[in-house]
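Down below is the structure, laid out as structure tokens.
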Amino acid sequence: MALEHAILVALTERAGSGYELARRFDRSIGYFWPATHQQIYRVLRRMDEAGWVKHTEIAQDGRPDKKVYRIAAAGKAELTRWLAEPEDPAVLRDGLGVKLRGASAGSPELVLKEVERHRAEHATRLEVYRGIQQRDFPKPSTLRGRELHQYLVLRGGIRAEESFTAWCDEVIHALRKDNR
């Protein structure tokens, strides 16, 4: 997937300026397809030149005009084409797993600390996802269409974080037992 497709999806949900899109990425889509603000602005320019998006300029007092982007017909066609295209299953590339595999060649204690650090970060992300679920989707059985799709992606993130933190717990327990 390219960032262009993530932006097209975001624009089907709501038009917005580059800044607004970047903020939405920071709060939602970016958890699954991260992008910097600079990347978003650069890609929006390319998409505008390609005719995938259109923008309206809105005058602002004391600041440059704001460009509000919306998906164009060519962008809808590209999104439709991309949605129909098969997606290869994700391949796990995890440096932590490689470090764990090589722990006996170095310092298992340092690898343990790294696993503990990763576990803490994933546990924090899990709590953020659960907070989003409680705030935005309090009654999942009533969801339909776009909201259901957003909820299902969030549930995938929750399940992945639950699995990763559980695996870290298993690794931490085993490494501590091995270091006795």
Side-chain angles (χ1 to χ4, degrees), residues 1-44 47-48 52-56 58 60 63 66-72 75-76 78-80 82-85 87-97 114-172:
M1 180 172 83
L3 178 56
E4 286 86 347
H5 298 110
I7 291 173
L8 288 172
V9 168
L11 289 174
T12 64
E13 295 172 354
R14 188 171 65 243
S17 67
Y19 177 78
E20 292 163 347
L21 282 167
R23 299 266 310 166
R24 285 167 45 202
F25 264 73
D26 289 344
R27 291 187 318 262
S28 63
I29 292 174
Y31 288 119
F32 303 97
W33 196 265
T36 66
H37 291 214
Q38 287 179 326
Q39 289 171 316
I40 291 169
Y41 283 107
R42 190 171 40 246
V43 169
L44 276 170
M47 292 170 69
D48 199 10
W52 288 8
V53 297
K54 293 183 179 186
H55 72 270
T56 305
I58 298 174
Q60 301 185 106
R63 292 188 286 176
K66 176 167 83 169
K67 292 181 180 178
V68 176
Y69 293 89
R70 66 188 183 289
I71 192 168
K76 287 180 185 176
E78 171 55 23
L79 186 57
T80 299
W82 176 76
L83 288 169
E85 189 176 90
E87 186 74 27
D88 290 334
V91 175
L92 180 63
R93 262 182 73 167
D94 184 16
L96 184 61
E114 185 67 356
V115 172
E116 291 170 337
R117 186 180 71 80
H118 279 249
R119 192 227 180 266
E121 289 186 23
H122 284 274
T124 298
R125 189 175 308 149
L126 175 58
E127 291 311 307
V128 168
Y129 290 174
R130 286 179 174 158
I132 293 169
Q133 179 178 338
Q134 288 177 343
R135 183 191 70 219
D136 295 348
F137 307 105
K139 296 181 181 177
S141 63
T142 65
L143 299 175
R144 301 283 180 268
R146 178 180 294 148
E147 286 184 330
L148 174 63
H149 305 154
Q150 292 169 342
Y151 170 76
L152 293 172
V153 170
L154 178 62
R155 285 297 302 156
I158 289 171
R159 297 290 299 266
E161 296 303 337
E162 288 172 340
S163 177
F164 197 85
T165 55
W167 176 72
C168 286
D169 289 339
E170 181 181 340
V171 170
I172 290 165

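These values consider heavy atoms only, across backbone and side chains, with no hydrogens, waters or symmetry-generated copies.
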Check your understanding: Salt-bridged, Asp48 to Lys54, with N to O below 4.0 Å?
Key -> no
**Study point:** N/O donor-acceptor pair under 3.5 Å between Arg119 side chain and Val171 backbone
**Key:** no
Review point. Are any of the side-chain heavy atoms of Thr56 and Arg70 separated by less than 4.5 Å?
Key: yes
**Study point:** Pairwise side-chain contact, Leu21 with Leu11, heavy-atom cut-off 4.5 Å (strictly under)
**Key:** yes
**Study point:** Minimum side-chain heavy-atom gap His55-Val68 below 4.5 Å
**Key:** no
Check your understanding: Who pairs with Asp26 by side-chain hydrogen bond (donor to acceptor under 3.5 Å, both in side chains), at least two apart in sequence or on another chain?
Key -> His37
Study note, to complete from the structure: In short, Arg146 meets Thr12 closest at the heavy-atom pair NH2-O, 2.9 Å
**Study point:** Nearest heavy atoms of Leu8 and Gly75, plus distance in Å
**Key:** CD1-O, 3.7 Å
Check your understanding: Where do Ala2 and Trp33 come nearest, in terms of heavy atoms and distance?
Key -> C-NE1, 4.1 Å
Revision key, fill the gap. Of all heavy-atom pairs linking Ala22 and Ile40, the shortest is CA-CD1, 3.6 Å
Review point. Arg24: what forms a side-chain hydrogen bond (donor to acceptor under 3.5 Å, both in side chains) with it, not counting sequence neighbours?
Key: none
Exercise for review: Taking the side chain as every heavy atom from C-beta outward, state whether Val153 and Gln150 have any atom pair closer than 4.5 Å.
Suggested key: no
Review point. Is there side-chain contact between Ile7 and Met47, with at least one heavy-atom pair below 4.5 Å?
Key: yes
Exercise for review: Output all residues satisfying ring pair (Phe, Tyr, Trp, His ring centres under 6.0 Å) with Tyr151, sequence neighbours left out; order by chain, then residue number.
Suggested key: Phe137
Revision key, fill the gap. The ring pair (Phe, Tyr, Trp, His ring centres under 6.0 Å) partners of His118 (sequence neighbours excluded) come to none
Check your understanding: Under the 3.5 angstrom rule, does the side chain of Ser163 hit a backbone N or O of Arg159 as a donor-acceptor pair?
Key -> no
Study note, to complete from the structure: Sorted by chain and residue number, the side-chain hydrogen bond (donor to acceptor under 3.5 Å, both in side chains) partners of Ser28 (sequence neighbours excluded) come out as none
Review point. Can you name the side chain to side chain contact (heavy atoms under 4.5 Å, CB included) partners of Gln60, sequence neighbours left out?
Key: Arg63, Lys66
Point to revise | Under the side chain to side chain contact (heavy atoms under 4.5 Å, CB included) test, residues paired with Ala166 that sit two or more places apart | key: none
Exercise for review: Please identify each residue that fulfils ring pair (Phe, Tyr, Trp, His ring centres under 6.0 Å) with Phe25, with sequence neighbours left out.
Suggested key: none
Revision key, fill the gap. Distance col, row Glu78:CD vs Lys76:NZ, nearest 0.5 angstrom, shows 14.5 Å
**Study point:** Summary of salt bridge (Lys or Arg N to Asp or Glu O under 4.0 Å) pairs that have at least one residue in residues 3-13, sequence neighbours excluded
**Key:** Glu4-Arg46
Check your understanding: Quick check: does any side chain N or O of Gln134 sit under 3.5 Å from a backbone N or O of Gly131, one acting as donor and the other as acceptor?
Key -> no
Check your understanding: Can you list every salt bridge (Lys or Arg N to Asp or Glu O under 4.0 Å) pair that touches residues 124-141, not counting sequence neighbours?
Key -> Arg125-Glu161, Glu127-Arg130, Arg130-Glu162
**Study point:** Arg117: partners by side-chain hydrogen bond (donor to acceptor under 3.5 Å, both in side chains), with sequence neighbours left out
**Key:** Glu114, Glu121
Revision key, fill the gap. Rounded to the nearest 0.5 Å, the OG1 atom of Thr165 sits from the NE2 atom of His122 at a distance of 9.0 Å
Exercise for review: Could you check if a side-chain atom of Tyr41 sits within less than 4.5 angstrom of a side-chain atom of Thr36, using non-hydrogen atoms only?
Suggested key: no
Practice item. Evaluate the side-chain proximity of Arg23 to Glu20: yes if any heavy-atom separation is below 4.5 Å, no if none is. Key: no
Point to revise | Qualifying residues under ring pair (Phe, Tyr, Trp, His ring centres under 6.0 Å), relative to Tyr129, sequence neighbours excluded | key: Tyr31, Phe32
Point to revise | Between CD on residue Gln133 and CD1 on residue Ile158, distance to nearest 0.5 Å | key: 4.0 Å
